[in-house]
Amino acid sequence: MAPEPVEPTTDLQRGENRRIEQLCLLLLAGLPAMAATNLFPGRGLVLLMIAAGWCLAGATWLLSRRGRHELAKQILLVALFVILSLAMWFDQGPYNGAMLGYAAILVMAALLAKPRVLLVLLVLMVLVQGLFNYAAVAGWQSFDAKPLGLRRFVNIAVLLGLVAATAWLLANDLRRALLRLDQENQRVRQSQASLSHLAQHDALTGLPNRLLLQDRLEQALNQARRHQCQVALLYLDLDNFKTVNDSLGHAAGDSLLEAVARRLGEAVREIDTVSRQGGDEFLIVLGDIGGAEDAAQVARKILASLAQPVQVEGVEVVTSCSIGIALYPQDGSSFAELSQHADTAMYQAKESGRRAFRFFDAQMNANLLQQLQLDAGLRTALRQGEFILHYQPIVELASGRLQGAEVLIRWQHPEQGLISPERFIPVAERSGLIVEIGEWVLGEACRQLGAWLQQGLPRFVLAINLSPVQFRRGNLDLLVQTALQRAHLPAECLELELTETVLLHDSADFAELLERLKGLGVRLAIDDFGTGYSNLAYLQRFRVDKLKIDRSFVREVQDKHSARTIVTAIIGMAHSLGLTTTAEGIEDPATAGLLAELGCEQGQGYLFARPLNAADFADYARANLGVPD
Ligand SMILES: Nc1nc2c(ncn2[C@@H]2O[C@@H]3COP(=O)(O)O[C@H]4[C@@H](O)[C@H](n5cnc6c(=O)[nH]c(N)nc65)O[C@@H]4COP(=O)(O)O[C@H]3[C@H]2O)c(=O)[nH]1
């Protein structure tokens, strides 16, 4: 069975196949013209060969139409060669005009057929010509050129026409293929250029990305090494990007980033590189600078430029950023070192209150390392039970009678001894571990109070410090409820101390959480009152029970008029809102007396007792409340 014709797959192949058919048609038209010039006696053989050629051209055309292109090509080329060779053998040999056809066959084979077909045809042609010469020398056949005349002219003209048409068609194909190739090349070059742009630039802002920046920084460093100058790497992070993104949406966030990118570009020189690292972080390379002051000047310029309001989706947004700066050579000599140090400095700028810039110094690294070690240590401490609770009595100022205790955590470190919460709570807040630590504090404090009640101590209130991070989890009410249930305690035994900043999270979720906590029956107190925003609106909005007057005011209440005015105002305000007050950090009887006079109900401080461990606190409570051992 004949194999299924194979469909052409490429434009080039399709073009070649069309040419084969066109060549067949040319032969079908040209050969009758040649036959016409041979219509006289004695030309029977020539006419026969022309007729054979014509039939073959027709058959080849049919084959090609049916999809057998390769076979058609080979038959056409070989048949033409055979016909022309026979024509020459019987008529004039190499003097026959058919010799021109050889050239045409070779051109066709070179352009249309496989290389081996071209080679075979060439070898055959040489052999045939050799044979003619041998035949002439050996006397087998004599080849004489016929006199010139009209017939010869027509034959030559037809042959030349065929050769020219073939060459023209094929050369045209070649030209078109070259043109297409050129266009294709241009397209490839363009897509390569846009691919490499994409690979090196940020899609949103069009700024160089980290990869390109790294390259530029390395170039700047090489130049600085040659010219003995400095390079600065600035790490910039927007301060309020998340707020804009969350409140105005991602499109607004994107517009803000684009506007920031434009302003950063305007704030630096042409030779500097501004890049976006992703999110709201940008890196800037300042090459060839004289020293730190040059970098500081650029940082100031950037801070001032970003302080100008930006129009985002029709809303005026004011943004700011924190910048960390690392310098070559003093802070590092590679991208990795400089970017890490600039990042560390940026965090220091953020810690210092944002909208600021900081230069890296080695101490920052030491602090960072210490914090990382502390963070790892805290996890171990939680696993191995190294935390303990101390309890500081809270007394009624008028009578000195114990009313409750503030629960204060300590870390009983196996090597470093007792570590203050002021050292590790901020680290735990940053890492999020405060959530687990806070849960442990709640459970342990309730367990301890339950144990004291069982030992015969009268019921009193435990005040527990809560971190803002714990509120963000949203399940605080469940944790409180579980801790109370496990220790069989009524909710009135617990007072939760929040900071003012917690209350500024004025979201619906937060308000619901506070309501659920109030619903349980626990009391809410505001710790360190007076140091934060002291906004009366939130005191009314959230049902708070108590204000704890910060010890910075208590310390100065006797000597400083301003402190006394503030304390008086806080107490007055609390009373008018139906809240009670506790003064923190009372260290002497005179202060305690004055605070009682001003109307403060409760006090806590070294005057009454330092924070005590569980056993010492139980002794203190028994003595204070007159409970026998
Ligand atoms: N100079 C002076 N200081 C006094 C006096 N009376 C009490 N203090 C100290 O004042 C701090 C009162 O705790 P705070 O303001 O809530 O401040 C606490 C609180 O914010 C935080 N903290 C302590 N325990 C926890 C906890 O379990 N969870 C959370 N989230 N934070 C805690 O650590 C802070 C520091 O705790 P402490 O080092 O125990 O420091 C305690 C206490 O030892 C006094 O008369 N004079």
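Order of appearance sets the numbers: ligands from 1, and atoms from 1 within every ligand. We count residues from 1, following the sequence as given. All values below were derived from every heavy atom in this structure, side-chain atoms included, with hydrogens, water molecules and symmetry-related copies excluded.
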For this session: Using atom types as modelled and distance alone, determine if a side-chain donor or acceptor of D331 lies under 3.5 Å from a backbone N or O of A342.
Result: no

Exercise. For the ring pair F460 and F617, is the centre-to-centre distance below 6.0 Å?
Worked result: yes

For this session: Run the numbers for me: atoms of ligand 1, each under 4.0 Å from some heavy atom of R410, listed by number.
Result: 37 (P), 39 (O), 43 (O)

For this session: Mark up the atoms of ligand 1 that fall under 4.0 Å of a heavy atom belonging to V441, in ascending order.
Result: 27 (O)

For this session: Without swapping roles, check the side chain of N475 against the backbone of L478 for a donor-acceptor pair under 3.5 Å.
Result: no

For this session: Under 4.0 Å from a heavy atom of D528: give me the atoms of ligand 1 that qualify, with their elements.
Result: 15 (O)

Problem set entry | Residue and atom name of the nearest protein heavy atom (relative to atom 42 (C) of ligand 1), distance in Å to one decimal | L408 CD1, 3.9 Å

Exercise. Is there at least one pair of N or O atoms, one from N465 and one from ligand 1, spaced under 3.5 Å apart?
Worked result: yes

Problem set entry | Heavy atom of protein closer than 4.0 angstrom to atom 40 (O) of ligand 1 | no

Problem set entry | Sub-4.0 Å atoms of ligand 1 with respect to non-hydrogen atoms of E584 | 15 (O)

Exercise. Would a search of protein heavy atoms around atom 17 (O) of ligand 1 find one under 4.0 Å away?
Worked result: no

For this session: Report the relative orientation of the aromatic rings in F360 and H341; use parallel for angles under 30°, tilted for 30 to 60°, perpendicular for over 60°.
Result: parallel

Seminar exercise, completed: Ranked by distance from atom 36 (O) of ligand 1, the top protein heavy atom is P421 CG, 3.4 Å

For this session: State the atoms of ligand 1, each with its element, that fall below the 4.0 Å cut-off from a heavy-atom position in S467.
Result: 30 (N)

Seminar exercise, completed: ligand 1 to G585, heavy atom cutoff 4.0 Å, flagged ligand atoms 5 (C), 44 (C), 45 (O)

For this session: Take every heavy atom of L389, measure it against each atom of ligand 1, and state whether any distance is under 4.0 Å.
Result: no

Exercise. Should the pair F424 and F387 be assigned to parallel (<30°), tilted (30 to 60°) or perpendicular (>60°) ring geometry?
Worked result: tilted

Exercise. Could you state the interatomic distance from CZ (R383) to CD (E436), rounded to the nearest 0.5 Å?
Worked result: 11.5 Å

Exercise. Just by modelled atom types, is the E497 backbone N or O under 3.5 Å from a matching donor or acceptor in the N465 side chain?
Worked result: no

Seminar exercise, completed: Nearest heavy atom to atom 46 (N) of ligand 1, choosing from E406, Q470, E587, belongs to E587

Seminar exercise, completed: Counting heavy atoms under 4.0 Å, the part of D527 that contacts ligand 1 is side chain

Exercise. In the protein, which heavy atom is nearest to atom 45 (O) of ligand 1, and how far is it?
Worked result: Y606 N, 2.8 Å

Exercise. Nearest protein heavy atom to atom 43 (O) of ligand 1, by residue and atom, and its distance?
Worked result: P611 CG, 3.3 Å

Exercise. Salt bridge or not for E281 and R276, using N-O below 4.0 Å?
Worked result: no

Exercise. What's the shortest distance from atom 6 (N) of ligand 1 to any protein heavy atom, and which residue and atom give it?
Worked result: Q392 NE2, 2.9 Å

Problem set entry | Flag, side chain of Q602 to backbone of V395, donor-acceptor distance under 3.5 Å | no

Exercise. Quick one: nearest non-hydrogen protein atom to atom 9 (C) of ligand 1, plus distance?
Worked result: R551 NH1, 3.6 Å

Exercise. Any sub-3.5 Å donor-acceptor pair from K548's side-chain atoms to A525's backbone N or O?
Worked result: no

Exercise. Got a donor-acceptor contact below 3.5 angstrom from the Q481 side chain to the L520 backbone?
Worked result: no

Seminar exercise, completed: closest protein heavy atom to atom 24 (N) of ligand 1 is I409 N, 3.1 Å

For this session: May I ask you to list the atoms of ligand 1 that are less than 4.0 angstrom from any heavy atom of G605?
Result: 6 (N), 45 (O)

Exercise. Is a side-chain N or O of D550 found less than 3.5 angstrom from the main chain of F553, in a donor-acceptor match?
Worked result: no

